[in-house]
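The basis for the numbers below is simple: all heavy atoms, side chains too, and nothing from hydrogens, waters or symmetry mates. Because the structure is a prediction, the values reported are computed rather than measured. Chain naming here is simple, since letters A, B, ... match the order of the sequence lines and numbering starts at 1 in each.
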Amino acid sequence: MLVDLDYFFAQCEEMRNSSIKDKSVVVCVYSGRSEESGAVSTANYIAREYGVKSGIPIYSAKKKLEDKDAVFLPVDHKFYSEISKKIMTILRSYADRFQQAGIDEAYLDVSQKVKGNFEEAKELAQKIKKEIKAQQKLTCSIGIGPNKLIAKIAADVQKPDGLTIVKPEEVESFLSPLPVKRLIGVGRKTVKKMENLEIKTIGDLAKYDMQKLITLFGKSMGAYFHNAAMGIDDNLVQERGEAESISRIHTLHENTRDLKVILEEADHLCEEVHERLVKQSLSFKTIGIIMITTDLNMRTRSKTLKSPTNDLESLKKTVKELFEKIINETELEARRVGVKVSNFVKGKRRQKQITDFIGIAKN
DNA sequence: GTATGCTTTCGGC
DNA sequence: TTACGGCCGAAAGCATAC
């Protein structure tokens, strides 16, 4: 089953101050550039009625909620993380196997616990919903299915406070009318490509010849699409290791293409990223930078080292090289800049050959 | 040509 | 009419190996 906490950040705010819960609640990331510059992180369902949703400018949200009873709050990530942690502990206790997937959702393998009985799974889900409500005063939406793929899609069908069960014999009729984009791995380009083949729904995809899919999308993707469309997914519910990447991004006070200004900010971001790396004793092999230009487009550059490191000065040095490169490749000014590391190898020390091998074997 | 890994962009929350 | 964050993993694009 998949448990998804409803409009999580905004619901946390409602829980902290129940007097706002019959108003529009908009949780915002303020950039600090001007009084109201920034974007909406998430909004409760009352605000969504007026078209306020994740990612839109704060200014635009204010306009939509003009003369409505609305509350605008800054994100309080620390608070949400604490709530999330408590709820994840509750959820973990109900599962044979558990996998957190982001701050507000988790997969629970409960097949042993309910002996493969979907009615019992439904009762368990109701119990879980009750407990989260009692302990943390929050609602969630739960999807139950024979595998992760179905559970995830099922959880999306009814929300907030939903519960959707898809039994094995219902999988086909459940999936077949849904658009192909609901499948993980089917993005904009693939949707377009499939549309040209007259594949619009998951049902269309399931009927399509697998050999043809393999010719069109490659062996691994083709086979995956074929199986996914038939509701087949044998991915296990598994606890995740550490994060795959760590990044920091920041909006500049003013747009600029002055390298000195950019690098001053970048150095600071490097230090913050490095601090998190040290906390988790991680070394990295890949260093990336992000630049959002005046026209709000994103550009990135990255470099993969021959051997992993956790050294702050090497990080800064590579980041400097990458920014020098990227600034030479555009005429536009930077609005936001970021630093990202990935391709982790566990360990504090500077690594030599033996761990290089582990790094390769891991991939 | 296909598979694999690396780089860049996209998109959800 | 415009307006616009920060973070992550997934998808797409590309280079190289086989």
Side-chain angles (χ1 to χ4, degrees), chain A residues 4-12 26-44 48 52-64 74-75 77 80-81 84 100-105 152 156 159 181-193 214-225 240-252 255 269 272-273 276 285-306 322 325-326 329 335-343 359-363:
Chain A
D4 183 1
L5 299 163
D6 299 319
Y7 61 102
F8 184 53
F9 294 178
Q11 211 194 340
C12 285
V26 187
V27 178
C28 305
V29 185
Y30 292 95
S31 69
R33 185 170 259 226
S34 68
E35 189 70 18
E36 303 202 328
S37 153
V40 171
S41 180
T42 193
N44 68 358
R48 290 183 197 193
V52 174
K53 55 183 179 180
S54 297
I56 70 169
I58 294 167
Y59 190 102
S60 161
K62 294 223 157 156
K63 192 164 178 186
K64 287 175 193 291
V75 278
H77 215 273
Y80 314 142
S81 297
S84 167
Q100 189 171 342
I103 193 166
D104 64 349
E105 60 180 72
K152 169 80 180 165
D156 268 335
K159 54 172 43 172
K181 63 177 288 222
R182 299 294 285 268
L183 297 173
I184 295 169
V186 180
R188 212 189 58 204
K189 299 273 179 166
T190 310
V191 165
K192 197 89 209 149
K193 207 165 156 185
I214 287 174
T215 314
L216 289 158
F217 297 97
K219 192 174 177 180
S220 100
M221 277 294 149
Y224 164 73
F225 290 151
R240 284 264 195 148
E242 58 272 4
E244 290 179 16
S245 70
I246 294 176
S247 64
R248 285 281 293 132
I249 182 165
H250 190 254
T251 304
L252 299 165
N255 299 347
L269 297 175
E272 293 182 346
V273 165
R276 288 172 63 189
K285 275 184 74 180
T286 303
I287 296 152
I289 59 151
I290 304 138
M291 177 165 109
I292 282 91
T293 43
T294 324
D295 59 1
L296 297 178
N297 280 313
M298 175 166 38
R299 288 152 204 266
T300 61
R301 291 294 176 270
S302 68
K303 185 179 176 181
T304 300
L305 307 172
K306 292 207 170 56
L322 291 170
K325 186 170 151 195
I326 207 170
E329 291 172 15
R335 180 187 174 93
R336 300 161 67 199
V337 293
V339 169
K340 156 172 157 167
V341 293
S342 56
N343 215 339
I360 290 158
K362 226 175 126 181
N363 291 331

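Ser37(A) comes within 4.0 angstrom of the backbone, heavy atoms only, and of no base. Gly55(A) comes within 4.0 angstrom of a nucleotide base, judged by non-hydrogen atoms across all strands. Backbone-only contact: His250(A) has heavy atoms under 4.0 Å from sugar-phosphate atoms and none from a base. At the heavy-atom level, Ile246(A) lies under 4.0 Å from the strands shown only through sugar-phosphate atoms.
Nearest heavy-atom pair across Gly55(A) and Ala39(A) is O-CB, 4.1 Å.
Look at Thr286(A) and you won't find any side-chain N or O under 4.0 angstrom from OP1 or OP2 of dC6(B). Between dG6(C) and Arg248(A), no contact under 4.0 Å exists linking OP1 or OP2 to a side-chain N or O. Distances shorter than 4.0 Å separate none of the side-chain N or O atoms of Arg336(A) from OP1 or OP2 on dC4(C). Between dC6(B) and Thr304(A), no contact under 4.0 Å exists linking OP1 or OP2 to a side-chain N or O.
Counting only residues at least two apart or in different chains, side-chain hydrogen bond (donor to acceptor under 3.5 Å, both in side chains) contacts with residues 53-63 of chain A comprise Glu36(A)-Lys62(A).
To the nearest 0.5 angstrom, Thr300(A) atom OG1 is 6.5 Å from Ile326(A) atom CD1. In this structure, the separation between CG on Leu269(A) and CD1 on Ile289(A) is 11.0 Å, given to the nearest 0.5 Å. A distance of 11.0 Å separates CD1 in Ile290(A) from CG in Leu322(A), rounded to the nearest 0.5 Å. Note that OG1 of Thr286(A) is 3.5 Å distant from CG of Asn343(A), once rounded to the nearest 0.5 Å.
The same atom, P, is picked in dC4(C) and in dC13(B); the two are 24 Å apart, to the nearest Å.
Each of Thr251(A) and Phe225(A) was assigned the nucleotide of DNA chain C with the nearest heavy atom; the assignment lying further toward the 5' end belongs to Thr251(A). Between Tyr224(A) and Phe9(A), the residue whose closest nucleotide on DNA chain C is further toward the 5' end is Phe9(A).
Checking side-chain atoms of Ser84(A) against main-chain N and O of Ile103(A) turns up a donor-acceptor pair under 3.5 Å. Under the 3.5 Å distance criterion, the side-chain polar atoms of Arg336(A) are left unmatched by any main-chain donor or acceptor of Met291(A).
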Open item on the list: Walk me through whether Lys159(A) and Asp6(A) qualify under salt bridge (Lys or Arg N to Asp or Glu O under 4.0 Å).
Closed with: CA-CA 7 Å; Lys159(A) 54 172 43 172; Asp6(A) 299 319; 5.6 Å; no

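Counting non-hydrogen atoms of neighbouring residues, nucleotides and ligands closer than 6.0 angstrom, the CD atom of Glu329(A) exceeds 12 such neighbours.
Summarising the geometry, the separation between CD on Glu272(A) and P on dG6(C) is reported as 11 Å, rounded to the nearest angstrom. Rounded to whole angstrom, the span from the CE atom of Met291(A) across to the P atom of dG6(C) amounts to 16 Å. One can place CZ of Arg276(A) at 14 Å from P of dG6(C), the figure rounded to the nearest angstrom. Spacing between atom CD of Glu244(A) and atom P of dT8(B) amounts to 18 Å, rounded to whole angstrom units. Distance Lys63(A) NZ to dT2(C) C1': 8 Å, rounded to the nearest Å. To the nearest angstrom, C1' of dT9(B) lies 13 Å from CD1 of Ile249(A). For the pair Leu322(A) CG and dT8(B) C1', the computed distance is 13 Å after rounding to whole Å. Following rounding to the nearest Å, Ile289(A) (CD1) and dC7(C) (C1') show an atom-to-atom distance of 17 Å.
Residues satisfying the salt bridge (charged side-chain N to carboxylate O under 4.0 Å, His left out) test with Arg299(A), not counting sequence neighbours, are none. When the ring pair (Phe, Tyr, Trp, His ring centres under 6.0 Å) test is applied to Phe9(A), the partners found at least two apart in sequence or on another chain are His77(A), Tyr80(A).
Listed in residue order, the members of residues 295-302 of chain A having a heavy atom less than 4.0 Å from DNA chain B are Met298(A), Arg299(A), Thr300(A), Arg301(A), Ser302(A). Taking every heavy atom of residues 26-34 of chain A and every atom of DNA chain C, pairs under 4.0 Å involve Val29(A), Ser31(A), by number.
Contact annotation: the side chain of Arg335(A) approaches that of Arg33(A) to within less than 4.5 Å [non-hydrogen atoms, C-beta and beyond].
Closest to the side chain of Ser245(A), out of dG5(C), dC7(C), dG9(C), is dG9(C).
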Collect all protein-nucleotide pairs involving nucleotides 16-18 of chain C in which both atoms are nitrogen or oxygen and the distance is under 3.5 Å.
none

